[in-house]
Asks: 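My questions will all concern the structure given below.
Nothing here was measured: the structure is a model prediction, and the numbers come from that model. Order of the sequence lines fixes the chain letters, A, B, ..., with proteins taken first and strands second; residue numbering starts at 1 for each chain.
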Amino acid sequence: MLQVPFIRSNKATVIKQLAKRNIDATEMIDEVIALDENRRGLQTKLDTILSESNNLSKEIGNLFKSGEVQKANALKEQTSQLKEESKQLSDQLNQKVEALNELLYKIPNVPNDLVPAGNTDDDNEEVFRAGETPKLHDGALPHWELAKTYDIIDFELGNKITGAGFPVYKGKGAKLQRALIAYFLDKNTAAGYTEYQLPHLVNEASGFGTGQLPDKEGQMYHVTEDNLYLIPTAEVPATNLFRDNLLNESDLPIAVTGYTPCFRREAGSYGAHVRGLNRLHQFDKVEILRVEHPTRSYDALNEMVEHVKGILNELKLPYRILRLCGGDLGFTSALTYDFEVFSTAQDRWLEISSVSNFETFQANRLKLRFKNAEGKNELCHTLNGSSLALPRVLAGILENYQTPEGIQIPEVLVPYTGFDKI
RNA sequence: GGAGAAAUGGCAGAGUGGUCGAAUGCGGCAGUCUUGAAAACUGUUGAGGGUCACACCUCCGGGGGUUCGAAUCCCUCUUUCUCCGCCA
């Protein structure tokens, strides 16, 4: 969530930038400022009363000590009114704080200057394109047909044991998945990211820290018995590693990578776009995450983009990079680059990575700070990205590397798979 | 799952109703001494709100209660440890 002091001193900019998301935030921002002023006024009043009653209590204590019981009892009577007042004030104060927070939860992050205005993914700005779209032979198939032909992914079996969106990988399909995970992790650790194995279920506080809660709980599977959520992305446990941390400036930057399965309810998705591996309830993903000094975070974002590019170049897949427009930008993000791989057989682009700078938006909720050069506590910037999401990369490989004789394995993966053809 | 014990500042650890935001030690920072360093000595060292800055307020695992007054008493939740049971 946004910081109130920031809103107060940058009101015009905040409203202007939020307009890129097609939000007129004028009213909300005004209300935030009014509620905050109100809150501070109440706080000051309450503090005064508490101060008075603290003094009285001390006096009473001293009187008891010196044996002046009657005087002490007389003073006791005075405290009851103060108590009543302070109770009322603190109730009012709590209401204000709650109202303020509820409002703040509804305000998305302020888009960066680079974010183009726009409504839908049509308005995203293509900033890079690489890789040749291969000319496929006659009779080239979409990946779900290839999966069947070569018996490497079984969607029906997943259907039987769980339901739609939970495919079963088998044989060389399973091995290829494992190879991709190992390859991605190796690339990430070689680039300085520390590998973590993270919990796949998280508590409410963690869901809140990264912005899934409140409001977006419908996207996550919820284990009500224990009030835990299945992670929709490793971003949630990875970012929450640093919840409530007060770091030294020298601890920054922090770079983390981890592989986890991801679980998404994807309520409301339907049709051809959920065919095959396009959209699943459970999928594998390797994530990279950075905790950065505010002055460096956009350099870090570029480094992450370059890193993901490096991987896709090695895999020799056709891909493009989009800068998301305001309408398509995630709630918590200030600037996001999406990577899409070209699905030749489907003739469409599939999102395989999303690299974002959240600036202080998550850090504020997480209370993730560092001590700056002046000795003041300052919020860190958090960033994360996929490197990479497995199913669509797999789809891209199957479709783009298919030949009449079988599916070639990208050269960099062969040491991991142990075979060069399916 | 059952029984018991515990949770205090970066860490260790005192504090069982009244100048306790909290002794002491370690660590950190600054200074003295030193050519420099170490050692020694001296000082300093939690967070949030609030203020131009002070003042002031809140925080001793979380929440609630008793009391004029709670780190200290009561209730509750969570976590950790020990023992028993079960178990990949």
Side-chain angles (χ1 to χ4, degrees), chain A residues 1-9 32-101 103-104 197 199-209 213-214 222-229 237 240-252 254 261 291 360 362-380:
Chain A
M1 65 185 166
L2 298 176
Q3 300 172 84
V4 177
F6 175 80
I7 294 177
R8 254 196 292 171
S9 49
V32 166
I33 292 170
L35 275 169
D36 181 58
E37 242 164 72
N38 222 314
R39 191 210 98 228
R40 280 181 294 152
L42 285 169
Q43 182 79 62
T44 309
K45 257 196 223 168
L46 177 63
D47 285 357
T48 313
I49 288 173
L50 287 176
S51 171
E52 262 180 69
S53 92
N54 283 345
N55 286 335
L56 270 179
S57 289
K58 274 180 198 165
E59 226 174 294
I60 291 170
N62 287 333
L63 287 173
F64 271 122
K65 261 189 198 161
S66 58
E68 298 171 82
V69 180
Q70 282 199 329
K71 274 193 187 170
N73 283 329
L75 278 185
K76 270 198 199 178
E77 314 230 327
Q78 284 186 37
T79 59
S80 65
Q81 199 197 335
L82 286 176
K83 251 187 133 177
E84 185 56 33
E85 276 179 61
S86 74
K87 191 166 164 28
Q88 276 182 20
L89 274 173
S90 76
D91 283 352
Q92 284 176 37
L93 181 65
N94 286 338
Q95 277 174 25
K96 289 287 178 237
V97 170
E98 219 168 283
L100 180 58
N101 281 336
L103 194 56
L104 285 171
Q197 290 202 4
H200 301 166
L201 280 81
V202 293
N203 58 27
E204 262 182 69
S206 293
F208 175 81
L213 299 174
H222 186 198
V223 182
T224 50
E225 184 85 22
D226 299 294
N227 197 23
L228 296 172
Y229 294 86
N240 277 282
L241 289 171
F242 306 101
R243 171 148 49 88
D244 291 321
N245 272 16
L246 180 55
L247 303 165
N248 295 313
E249 199 166 342
S250 58
D251 295 331
L252 301 174
I254 293 170
V291 180
T360 60
Q362 289 181 330
N364 191 28
R365 287 182 166 212
L366 293 160
K367 295 205 171 61
L368 167 51
R369 297 159 303 168
F370 70 100
K371 242 185 214 321
N372 67 20
E374 291 88 56
K376 295 258 185 195
N377 299 329
E378 194 177 335
L379 290 172
C380 302

Asks: Name the residue closer to the 5' end of RNA chain B, choosing between A:L246 and A:N62 according to the nucleotide with the nearest heavy atom.
Replies: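 Whichever sits nearer the 5' end wins; that is A:N62.
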
Asks: Distance check needed: B:rU58 P versus A:Q43 CD, whole Å only.
Replies: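 Result: 10 Å.
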
Asks: Paired with B:rA37 by Watson-Crick or G-U wobble geometry, both distances under 3.5 Å: which nucleotide is it?
Replies: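 Partner of B:rA37: none found under 3.5 Å.
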
Asks: In Å, rounded to the nearest 0.5 Å, how long is the span from CG of A:L104 to CG of A:D36?
Replies: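 With rounding to 0.5 Å, CG (A:L104) is 8.5 Å from CG (A:D36).
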
Asks: For B:rG50 and B:rG65, measure between their P atoms and round to the nearest Å.
Replies: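 The same atom, P, in both gives a distance of 25 Å.
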
Asks: Can you tell me, in whole Å, how much space there is between the C1' of B:rA23 and that of B:rG61?
Replies: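 That atom pair is separated by 22 Å.
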
Asks: Which part of the nucleic acid, if any, lies within reach of A:N73 when heavy atoms closer than 4.0 Å are counted: base, sugar-phosphate only, or nothing?
Replies: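 Nothing, no nucleic acid heavy atom in range.
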
Asks: Please report, rounded to the nearest Å, how far the C1' atom of B:rG50 is from the CZ atom of A:R8.
Replies: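 Spelled out: CZ on A:R8 to C1' on B:rG50 is 10 Å.
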
Asks: Using atom C1' in both nucleotides, what's the gap between B:rC60 and B:rG48 to the nearest angstrom?
Replies: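 Each nucleotide's C1' atom is 15 Å from the other's.
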
Asks: When the C1' atoms of B:rG46 and B:rU8 are considered, how many whole Å apart are they?
Replies: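 Nearest-Å result for B:rG46 against B:rU8 at atom C1': 12 Å.
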
Asks: Considering Watson-Crick and G-U wobble pairs with both distances under 3.5 Å, what does B:rC29 pair with?
Replies: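 Base-paired to B:rG43.
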
Asks: Any side-chain N or O of A:R369 less than 4.0 Å from the OP1 or OP2 oxygen of B:rA47?
Replies: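 For B:rA47, OP1/OP2 do not have a side-chain N/O of A:R369 under 4.0 Å.
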
Asks: Who is the Watson-Crick or G-U wobble partner of B:rG50, with both distances under 3.5 Å?
Replies: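 Base-paired to nothing in any strand shown.
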
Asks: What distance do A:N364 atom CG and A:C380 atom SG have between them, rounded to the nearest 0.5 Å?
Replies: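 Between atom CG of A:N364 and atom SG of A:C380 there are 11.5 Å.
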
Asks: Let me confirm one number: the CZ-CG distance from A:R365 to A:N240, rounded to the nearest 0.5 Å.
Replies: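 If I round to the nearest 0.5 Å, the distance is 11.0 Å.
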
Asks: Would you say A:N248 places a side-chain N or O within less than 4.0 Å of OP1 or OP2 belonging to B:rG10?
Replies: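 False: A:N248 side-chain N/O out of range (4.0 Å or more) of B:rG10 OP1/OP2.
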
Asks: Could you tell me how far apart A:N227 (CG) and B:rU78 (P) are, to the nearest whole angstrom?
Replies: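 Rounding to the nearest Å, CG of A:N227 and P of B:rU78 are 11 Å apart.
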
Asks: Under a 3.5 Å limit for both distances, which nucleotide forms a Watson-Crick or G-U wobble pair with B:rA7, could you say?
Replies: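 Paired with B:rA7, as far as the under-3.5 Å criterion goes, is B:rU78.
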
Asks: Check this one for me: any side-chain N or O of A:K371 less than 4.0 Å away from OP1 or OP2 of B:rA47?
Replies: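 Checking A:K371 against B:rA47: at least one side-chain N or O falls below 4.0 Å of OP1 or OP2.
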
Asks: Report the distance from atom CD of A:E249 to atom P of B:rC29, rounded to the nearest whole Å.
Replies: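 Value for this atom pair: 15 Å.
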
Asks: Between A:E52 (CD) and B:rC57 (C1'), how many Å, whole number?
Replies: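 It works out to 13 Å between those atoms.
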
Asks: Please report the C-alpha distance between A:T79 and A:I60 in whole Å, then the side-chain angles of each, then the deciding distance to 0.1 Å, and finally whether the side chain to side chain contact (heavy atoms under 4.5 Å, CB included) criterion is met.
Replies: CA-CA 10 Å; A:T79 59; A:I60 291 170; 4.2 Å; yes

Asks: What integer distance in Å separates A:N55:CG from B:rA55:P?
Replies: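 Roughly 14 Å, once rounded to whole Å.
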
Asks: Could you measure between the two P atoms, the one in B:rA6 and the one in B:rC74, and give it in whole Å?
Replies: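 The answer is 12 Å between these two P atoms.
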
Asks: Does B:rU19 have a Watson-Crick or wobble partner in any strand here, with both distances under 3.5 angstrom, and which is it?
Replies: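 Across all strands, not a single nucleotide pairs with B:rU19.
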
Asks: For B:rG31 and B:rG18, measure between their P atoms and round to the nearest Å.
Replies: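 After rounding to an integer number of Å, I get 41 Å for this pair.
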
Asks: Any side-chain heavy atom of A:L93 within less than 4.5 Å of one from A:R39?
Replies: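 Side-chain contact under 4.5 Å: yes.
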
Asks: For B:rC73, which nucleotide is its Watson-Crick or G-U wobble mate, given both distances must be under 3.5 Å?
Replies: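 Result: B:rG65.
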
Asks: Walk me through it: do A:Q43 and A:D47 pass the test side chain to side chain donor-acceptor pair (under 3.5 Å)?
Replies: CA-CA 6 Å; A:Q43 182 79 62; A:D47 285 357; 3.2 Å; yes

Asks: Pick the C1' atom in B:rG2 and in B:rG69, then give their distance to the nearest Å.
Replies: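 Between the two C1' atoms, the distance is 40 Å.
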
Asks: What nucleic acid atoms does A:S57 come within less than 4.0 Å of, heavy atoms only: base, sugar-phosphate, or nothing?
Replies: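 Base contact.
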
Asks: Counting only Watson-Crick pairs (N1-N3 plus N6-O4 or O6-N4) and G-U wobbles (N1-O2, O6-N3), all under 3.5 Å, who is the partner of B:rA88?
Replies: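 Pairing partner: none.
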
Asks: Look at the side chain of A:N377 and decide which nucleotide, out of B:rA47, B:rG18, B:rU67, has an atom nearest to it.
Replies: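 Among the listed nucleotides, the one closest to the side chain of A:N377 is B:rA47.
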
Asks: Taking C-beta and beyond as the side chain, do A:K83 and A:S53 meet within less than 4.5 Å on heavy atoms?
Replies: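 SC-SC contact between A:K83 and A:S53 ruled out.
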
Asks: Begin from the C-alpha positions of A:F64 and A:N73 and carry the test side chain to side chain contact (heavy atoms under 4.5 Å, CB included) through to its verdict.
Replies: CA-CA 9 Å; A:F64 271 122; A:N73 283 329; 4.2 Å; yes

Asks: Heavy atoms from C-beta onward define the side chain here; which of B:rC56, B:rG69, B:rA47 lies closest to that of A:S51?
Replies: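 For A:S51, the side-chain atoms sit closest to B:rC56.
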
Asks: Hunt down the Watson-Crick or G-U wobble partner of B:rC83, both distances under 3.5 Å, from any strand shown, or write none.
Replies: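 Matched B:rC83 with B:rG2 under the 3.5 Å cut-off.
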
Asks: Classify the nucleic acid contact of A:I60 as base, sugar-phosphate or nothing, counting any heavy atom under 4.0 Å across all strands shown.
Replies: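 Since a base atom lies under 4.0 Å of A:I60, the category is base.
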
Asks: Any side-chain N or O of A:N54 under 4.0 Å from OP1/OP2 of B:rC57?
Replies: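 For A:N54, the contact criterion (side-chain N or O under 4.0 Å from OP1 or OP2 of B:rC57) is met.
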
Asks: Should A:K58 be listed as having a side-chain N or O under 4.0 Å from OP1 or OP2 of B:rC68?
Replies: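 Checking B:rC68 against A:K58, no side-chain N or O comes under 4.0 Å of OP1 or OP2.
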
Asks: Taking atom C1' in both B:rC29 and B:rU35, what distance in whole Å separates the two?
Replies: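 Their C1' atoms lie roughly 24 Å apart.
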
Asks: Between A:R39 (CZ) and B:rU58 (P), how many Å, whole number?
Replies: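 Nearest whole value for this atom pair: 16 Å.
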
Asks: How long is the line joining NZ of A:K83 and C1' of B:rA70, in whole Å?
Replies: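 About 12 Å, once rounded to whole Å.
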
